[in-house]
Amino acid sequence: MSQIVTRFAPSPTGFLHIGGARTALFSYLLAKSQGGRFELRIEDTDRERSTPEATQAILDAMQWLDLQPDGETVFQHARADRHNEVIEQLLASGNAYYCDCTKEQVDAMRETARAQGKKPKYDGSCRERGLGPGPGRVVRLKTPLQGSVAYNDMVKGPIATACEEMDDMILRRSDGTPTYNLAVVVDDHDMGVTHVLRGDDHVNNTPRQILIYRALEWDVPEFGHVPMILGPDKKKLSKRHGALSVMEYQSMGYLPEAVVNYLARLGWSHGDQEVFTREELEQLFSVEHLGSSPSVFDTKKLEWLNAQYIVQADLNRLADLVLDVIREEAGDQEAANVDRDVLLRALPLLQPRAKTLVELAEASQFFLVDVSHLQYDEKAVNKFLKPDSLALLAEYTTALRGLDRFEEEALEALTKEFVEQRELKFKAIAQPIRVSITGRTASPGLFETMVVLGREQTLARLDRVQDFGL
RNA sequence: GUCCCCAUCGUCUAGUGGCCUAGGACGCCGGCCUCUCACGCCGGUAACGGGGGUUCAAAUCCCCCUGGGGACGCCA
């Protein structure tokens, strides 16, 4: 069997949204799982709405998700000559004809049909007029009057559409440009696309496109239509729901592999498995297990997956990403001041406590600043740094100063001994220490935190806290 | 209006006629662990939209209803 070819064909009229990303992912995985090729085509025939910025945004997003196309990216607009050549071919073979009906006339036809409770469509009045080319004229496909178009959708199963449902669609506009349906067919054919996996909203286009394939006597590819993604309110995902361009997930602190894993599991499954490596996805993916109903986007589950990937992530990479977040939120200067070595040592303590990189950056803050810049949570101070606690801490600090090995075990032993001698509960001093050295009530373990901070910072912070008693 | 698609826990889903007194995961609730917060571990909550068939047997097949969604452009 020859190699399969899939493609992703977005129109560059905006950012790559999460739904589009999933479609791209599925197409990519379908190709990889069969040892095939995955191509990218930018459908920029709508010159009004297409922008180079949007094209770049799509490319960036695909790169972030690591969905690299195999061939050269095809720009549909650049292929207009080829599209017109095929239209001429259709005209010559009698499968297409010129039509001089105006938009207004066609609108009127549709209006009439609708009023009669029928499907609004062009009535084909120019079909047999034998019109030639001329200004203002469009080229339409001669849709068969009877019969139906049937195909076996890779995800939805058999779908049939009666020809009466379809009108003679426009292939070439009056301004000479080819329409979407024509261009798609020509490009998919020329690119050797064998499997078209696309959004649900194209189901209705498919029989029309098959009609074009037939008129051209070209092999018809396999089609599959994946359901869309819904917002929490079960309405179609849109900007209003706050979900967004793929790149926004990056800035919200998600790891691309978490997004890919999440998206893969949204509408596709492999038994009970939830976490997949990229290799597993590329090997295991199959259209048989694509669901046929729309699915709701669940941020909580994405967060959970992201947390899983953060725990596993390589420390150097994580450090870079956290630095990116700091740069983004606090500026270049702030990021430049970070002691990468401290960050690297703090990260293992923070990993199991963060769901996103943003949280990770936030949680790492107290490790990275000097004692003079440490922020203290006011409530924490009021609750745990009262006079008697401060007195205790002063004693503790003195004891700590005498410790020669500033290591976890030694710190723990010293602290335990300190409370035992005073017949105190460990808890009595744990929170005061924590607030002193981190400024907060929640943090990683006390002793591992102290070790990362180092003797000097730890003692300096314990000293500084005495000022709260003044 | 016409045509098309869809329908299992709150959510993502497993399930391809008997293994289903419906499984897993997220979430939620409770517990354990514990210096806080997480992580982890243990347990719990919770679903086959309704009605007819077919069959010895239906979440699984068929029909109807209901409810969602999509499409009906010289947009893609």
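Just so it is clear, the structure is predicted and the values come from calculations on it, not from any experiment. Quick note on labels: first sequence line is chain A, next is B, and so on, each numbered from 1.
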Reckon A/K427 has a side-chain N or O less than 4.0 Å from the OP1 or OP2 of B/U36? yes

Given A/Y97, which of A/V139, A/D168, A/L131 fulfils the side chain to side chain contact (heavy atoms under 4.5 Å, CB included) condition? A/D168

Distance between the P atoms of B/G49 and B/C41, in whole angstroms? 32 Å

Applying salt bridge (charged side-chain N to carboxylate O under 4.0 Å, His left out), which residue pairs with at least one partner in residues 253-274 of chain A are found, sequence neighbours left out? A/E257-A/R317, A/R265-A/E274, A/E274-A/K301

Produce a footprint string for nucleotides 39-47 of chain B: one letter per nucleotide, 5' end first; B if the base is under 4.0 Å from any protein heavy atom, S if only the sugar-phosphate is, - if neither. S--------

A/F366 meets the ring-ring contact (aromatic ring centres under 6.0 Å, His included) criterion, sequence neighbours left out, with none

Using a heavy-atom distance cut-off of less than 4.0 Å, which residues of residues 131-159 of chain A contact RNA chain B? A/V138, A/K156

All side chain to side chain donor-acceptor pair (under 3.5 Å) counterparts of A/E412, not counting sequence neighbours: A/K416

Do A/D100 and A/Y98 get their side chains close enough for a donor-acceptor pair, meaning under 3.5 Å? no

May I ask you to say what A/P10 touches in the nucleic acid, namely base, sugar-phosphate or nothing, with a heavy-atom cut-off under 4.0 Å? nothing

For nucleotides 7-18 of chain B, give me one character per nucleotide, 5' to 3': B if any protein heavy atom sits under 4.0 Å from the base, S if the only such contacts are to the sugar-phosphate, - if neither. S---SBSSS---

Applying ring-ring contact (aromatic ring centres under 6.0 Å, His included), name anything that partners A/F447, two or more places apart in sequence or on another chain. none

Does B/G43 pair with anything, Watson-Crick or G-U wobble, both distances under 3.5 Å, and if so, with which nucleotide? B/C29

Can you tell me how far P of B/U36 sits from CD of A/E448, to the nearest Å? 13 Å

Using atom C1' in both nucleotides, what's the gap between B/A46 and B/U11 to the nearest angstrom? 12 Å

Write down the distance separating the P atoms in B/G31 and B/A47, rounded off to the nearest Å. 24 Å

Hey, does A/M228 reach any base, or is it just sugar-phosphate, or nothing, if we go heavy atoms under 4.0 Å? sugar-phosphate

What residue pairs, at least two apart or across chains, pass salt bridge (charged side-chain N to carboxylate O under 4.0 Å, His left out) with a residue in residues 10-21 of chain A? none

Establish whether the base of B/A76 is bridged to the side chain of A/D201 by a donor-acceptor pair shorter than 3.5 Å. no

Which atom pairs link the protein and nucleotides 19-21 of chain B when you take only N or O atoms and keep those under 3.5 Å?
none

Distance check needed: B/U36 P versus A/L385 CG, whole Å only. 17 Å

A/F468 and A/Y376 aromatic centres sub-6.0 Å: yes

Please state the P separation for the pair B/C64 and B/C4 - nearest whole angstrom. 11 Å

Whole-angstrom distance between B/C19 and B/C37, as gauged at atom P: 45 Å

Side chains of A/T179 and A/N181: donor-acceptor distance under 3.5 Å anywhere? no

Rounded off to whole Å, could you give me the CD1-to-C1' distance for the A/I437 and B/C35 pair? 11 Å

May I ask you to decide whether A/D167 forms a salt bridge with A/R110, counting only side-chain N to carboxylate O separations under 4.0 Å? yes

P atoms of B/G27 and B/C39, separation to the nearest Å: 8 Å

So A/R110, base contact, sugar-phosphate only, or nothing? Heavy-atom distance under 4.0 Å. sugar-phosphate

Quick one: salt bridge (charged side-chain N to carboxylate O under 4.0 Å, His left out) pairs with a partner in residues 202-215 of chain A, sequence neighbours left out? none

In whole Å, what separates the P atom of B/U16 from that of B/G52? 26 Å

Rounded to whole Å, NE2 of A/H225 lies from C1' of B/G69 at a distance of 15 Å

Write down the partner of B/A14 under the Watson-Crick or G-U wobble criteria, each distance required to be under 3.5 Å. none

May I ask you to check whether A/Y309 and A/Y254 place their ring centers less than 6.0 Å from one another? no

Answer for the Watson-Crick or wobble partner of B/C3, both distances under 3.5 Å, is B/G70

Between A/R422 and A/F418, is NZ or CZ placed under 6.0 angstrom from the six-membered ring centre and within 45° of the ring axis? yes

At their closest point, which heavy atom of A/T356 faces which heavy atom of A/N306, and how far apart are they? CA-ND2, 3.5 Å

How close or far is atom P of B/G1 from atom CD of A/Q116, stated in whole angstroms? 16 Å

Could you check which of B/A71, B/A76, B/C74 has an atom nearest any side-chain atom of A/N204? B/A71

Taking only residues at least two apart or on different chains, which pairs with a member in residues 423-438 of chain A satisfy salt bridge (charged side-chain N to carboxylate O under 4.0 Å, His left out)? none

Base-pairing mate for B/A38 - Watson-Crick or G-U, with both contacts under 3.5 Å: none

Phosphate OP1/OP2 of B/A76 contacted by A/T45 side-chain N/O (<4.0 Å): yes

Whichever of A/F426 and A/R173 has its nearest RNA chain B nucleotide further upstream toward 5': A/F426

Roughly how many Å is it from CG in A/L424 to P in B/C35, rounded to a whole number? 15 Å

Assign the ring pair A/F276 / A/W268 to parallel, tilted or perpendicular, where the plane angle (0 to 90°) is split at 30° and 60°. tilted

Starting the side chain at C-beta, find the nucleotide from B/C35, B/G1, B/C74 nearest to A/P120. B/G1

Holding to ring-ring contact (aromatic ring centres under 6.0 Å, His included), I want the full list of residues that pass it with A/F38, two or more places apart in sequence or in another chain. A/Y28

In the strands shown, is B/A76 matched to any nucleotide by a Watson-Crick or G-U wobble pair with both distances under 3.5 Å, and which? none

Is A/R440 close enough to B/A38 that one of its side-chain N or O atoms is under 4.0 Å from OP1 or OP2 there? no

Does A/T179 make a side-chain donor-acceptor contact with the base of B/C74, cut-off 3.5 Å? no

Applying a 3.5 Å limit to both distances, which nucleotide forms a Watson-Crick or G-U wobble pair with B/U54? none

To the nearest Å, how far apart are A/L230 CG and B/G67 C1'? 14 Å

Scan A/D167 against the nucleic acid and name what it touches under 4.0 Å (heavy atoms): base, sugar-phosphate only, or nothing. nothing

Give A/C99 one of three labels, base, sugar-phosphate or nothing, depending on what nucleic acid heavy atoms sit under 4.0 Å from its own. nothing

Between CD1 of A/I210 and C1' of B/C4 the distance, given in whole Å, is 14 Å

Show the nearest heavy-atom pair for residues A/L350 and A/P444, with the distance to one decimal. CD1-CG, 3.6 Å

If I pick the C1' atom on B/C9 and the same atom on B/A22, what distance separates them, to the nearest angstrom? 10 Å

Is there a side-chain polar atom (N or O) of A/R198 under 4.0 Å from OP1 or OP2 of B/G70? no

